[in-house]
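Before any comments, here is the structure.
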There are 2 protein chains.
Amino acid sequence: MSKDNLPGLTLCNNAALRRAARKLGKFYDDMVEPSGLKATQQGLLYQIHIGDEPAMGAIAASLIMDLSALGHTLKPLIRDGYVETFADPEDRRVKRVRLTPQGLAKLEAAMKLWQIAQQRFEDVVGRDKAEKLRAALDDIAALDFDLPPATP
Amino acid sequence: MSKDNLPGLTLCNNAALRRAARKLGKFYDDMVEPSGLKATQQGLLYQIHIGDEPAMGAIAASLIMDLSALGHTLKPLIRDGYVETFADPEDRRVKRVRLTPQGLAKLEAAMKLWQIAQQRFEDVVGRDKAEKLRAALDDIAALDFDLPPATP
DNA sequence: CACCATTAGTGGCATATGCCACTAATTCAA
DNA sequence: TTGAATTAGTGGCATATGCCACTAATGGTG
């Protein structure tokens, strides 16, 4: 393939996904910013909130993220007093996570901003299209690439 | 909204996008890994390759990424000798980027692996669906959130 | 009960990204 | 031409994520 007439980067599913993620991430970040949280943090607090004092492993699995990455991401939230952890009495290897009252208040503030962002996004792309997009993204998240074509 | 019957995190477009990006990123990373590059680096080298000694700002704009972030991302590639930069003689503020011969060789190796990943992805989700997905992601990347509904 | 394999997290190291303040080079206007 | 405004990058700091090696706590098993 000569250097001319090369396909634009848009051809790579992964590159397209990252690019869109940067764009949308910045949008949600900007919208949620007045709360003092990043969109990722708001999402993480929410995930903790909807769980029943979830274990770190459970959160990581839900978010499809590395356990250690979750640990890192949690640190500023713990430092700022929004989240606290405690060992599961049944299995002391397990560390459970919960919001502090300040964390809950912060989340509620952030969620109000998030809703505006979410609404604006859906206004711009269309509710239906947004829903289809999320479904497609969830499909990707659920994919199993192990044995590509043949699954006997 | 009581803590029960809360919508799953899947409702957030941004969260869904990041989650899918983590998943797909890991897949492409794993596939491209034998080349010694991360999928993001392969994508960046490719972007540089298809450009005509692009300026940093041009690359950042194409990838919709912060200029300083691009600078950071470029460092390991420069350190490893895959990329080199030089001041534009016309405008010495501008720094242009090009692949070194080693960088080109590395890119070619990575592209072979990338193609396998890309092919496998399309085998799993379907070529047509993949194409629609990329189109949707490109739409997002091209969105303008400034004035949400009304654009006189 | 003692030992080994498994499971859950941690810490260190590295890349990915962004923001902000600051510098250098240009452009533009008085 | 000179000084203000703009443009392109850099460096420092902070979060986002991953991998790997290592530790602690469990769960079998003989």
Side-chain angles (χ1 to χ4, degrees), chain A residues 14-15 17-30 32-33 36-45 47 54-61 63-80 82-83 85-97, chain B residues 14-15 17-30 32-33 36-45 47 54-61 63-80 82-83 85-97:
Chain A
N14 187 45
L17 194 47
R18 296 189 77 87
R19 205 161 71 117
R22 283 191 292 266
K23 172 86 172 200
L24 201 58
K26 177 159 174 51
F27 172 63
Y28 275 80
D29 269 354
D30 287 347
V32 173
E33 188 275 333
L37 293 178
K38 311 295 233 47
T40 47
Q41 299 181 317
Q42 175 259 326
L44 179 50
L45 290 188
Q47 185 66 28
M56 288 188 57
I59 299 172
L63 299 180
I64 311 185
M65 79 186 309
D66 188 87
L67 177 56
S68 75
L70 173 62
H72 300 320
T73 304
L74 232 29
K75 274 186 183 151
L77 295 171
I78 294 172
R79 177 201 60 201
D80 296 340
Y82 301 144
V83 159
T85 60
F86 59 100
D88 183 323
E90 308 291 303
D91 183 341
R92 278 173 304 173
R93 286 173 304 180
V94 173
K95 188 194 271 190
R96 293 186 175 281
V97 186
Chain B
N14 187 43
L17 194 48
R18 296 190 76 86
R19 206 161 68 118
R22 283 191 292 269
K23 172 84 172 201
L24 201 58
K26 177 160 174 49
F27 172 62
Y28 276 81
D29 269 352
D30 287 348
V32 173
E33 188 275 332
L37 293 178
K38 310 295 234 47
T40 46
Q41 299 181 317
Q42 174 259 325
L44 178 51
L45 291 189
Q47 185 67 27
M56 288 189 56
I59 300 172
L63 298 180
I64 310 184
M65 79 186 309
D66 188 87
L67 177 57
S68 75
L70 173 62
H72 300 323
T73 305
L74 231 31
K75 275 187 182 150
L77 295 171
I78 294 171
R79 177 201 60 201
D80 295 341
Y82 300 143
V83 159
T85 62
F86 59 101
D88 183 322
E90 307 292 304
D91 183 342
R92 278 173 306 174
R93 285 173 303 180
V94 173
K95 189 194 272 191
R96 294 187 174 280
V97 186

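By convention in this document, chain letters (A, B, ...) are assigned in the order of the sequence lines, proteins followed by strands, and residues within each chain are numbered from 1.
The shortest side-chain heavy-atom distance between B:Met56 and B:Leu74 falls under the 4.5 Å cut-off.
Counting to the nearest Å, the P atom of C:dG9 and the CG atom of A:Leu67 are 6 Å from each other. Atom CG in A:Leu37 sits about 10 Å away from atom P in D:dA16, given to the nearest Å. Per the geometry, CZ belonging to B:Arg22 stands 17 Å off P belonging to C:dA16, to the nearest Å. Atom P of nucleotide C:dT17 and atom CG of B:Leu63 are separated by 9 Å, given to the nearest angstrom. Across the protein-nucleic acid pair, A:Met65 atom CE and C:dG9 atom P stand 14 Å apart, rounded to whole Å. One interatomic measurement links the two molecules: CG of A:Asp29 to P of C:dT17, which rounds to 14 Å at whole-angstrom precision. Between A:Ile59 atom CD1 and D:dA16 atom C1' the separation is 16 Å, expressed in whole Å. Rounded to whole Å, the distance from CD1 on B:Ile78 to P on C:dA16 is 13 Å.
Base engagement by B:Asp66 is indicated by at least one non-hydrogen atom pair under 4.0 Å involving a base atom. Counting any heavy atom pair closer than 4.0 Å across all strands shown, B:Ser68 reaches a base atom. Contact annotation for A:Arg79: backbone-only contact, meaning every heavy-atom pair under 4.0 Å involves sugar-phosphate atoms and none involves a base.
OP1 or OP2 of D:dG11 lies within a sub-4.0 Å distance of a side-chain N or O belonging to B:Lys75. Of the side-chain N and O atoms in A:Lys26, one or more sit less than 4.0 angstrom from OP1 or OP2 of C:dC19.
The residue from A:Leu44, A:Leu67, A:Thr73 that alone fulfils the side-chain contact (heavy atoms from CB on, under 4.5 Å) condition with A:Ile59 is A:Leu44.
For B:Arg22, there are no salt bridge (Lys or Arg N to Asp or Glu O under 4.0 Å) partners two or more places apart in sequence or in a different chain.
Candidate nucleotides C:dT17, D:dG9, D:dT15 were compared by shortest atom distance to the side chain of A:Lys38, and D:dT15 ranks first.
Heavy-atom distances to DNA chain C give each of A:Gly57 and A:Arg18 a nearest nucleotide, and the one nearer the 5′ end belongs to A:Gly57. Residue order along DNA chain D, read from the 5' end via each residue's closest nucleotide, puts A:Ala39 first among A:Ala39 and A:Arg92. Across the interface with DNA chain D, nearest-nucleotide mapping of A:Thr40 and A:Asp91 shows A:Thr40 to be the residue nearer the 5′ end.
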Pick out the pairs of N or O atoms, protein on one side and nucleotides 2-7 of chain C on the other, that lie under 3.5 Å.
{"unit_1": "C:dT7", "atom_1": "O4'", "unit_2": "A:Arg93", "atom_2": "NH1", "d": "3.1"}
{"unit_1": "C:dT7", "atom_1": "O2", "unit_2": "A:Arg93", "atom_2": "NH1", "d": "3.1"}

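Atom NZ of B:Lys75 is separated from atom CG of B:Asp80 by 14.0 Å, given to the nearest 0.5 angstrom. Atom CG of A:Leu63 and atom CD of A:Gln47 lie 4.5 Å apart (nearest 0.5 Å). Interatomic distance, CG of B:Leu45 versus CD of B:Gln41, reported as 7.0 Å (0.5 Å rounding). Here CG of A:Leu17 is found 12.5 Å from NZ of B:Lys23. Values are rounded to the nearest 0.5 Å.
Under a 3.5 Å cut-off, the side chain of A:Asp29 and the backbone N or O of A:Lys38 do not form any donor-acceptor pair.
Looking at A:His72, its side chain has no donor and acceptor atom pair within 3.5 Å of the base of C:dG9.
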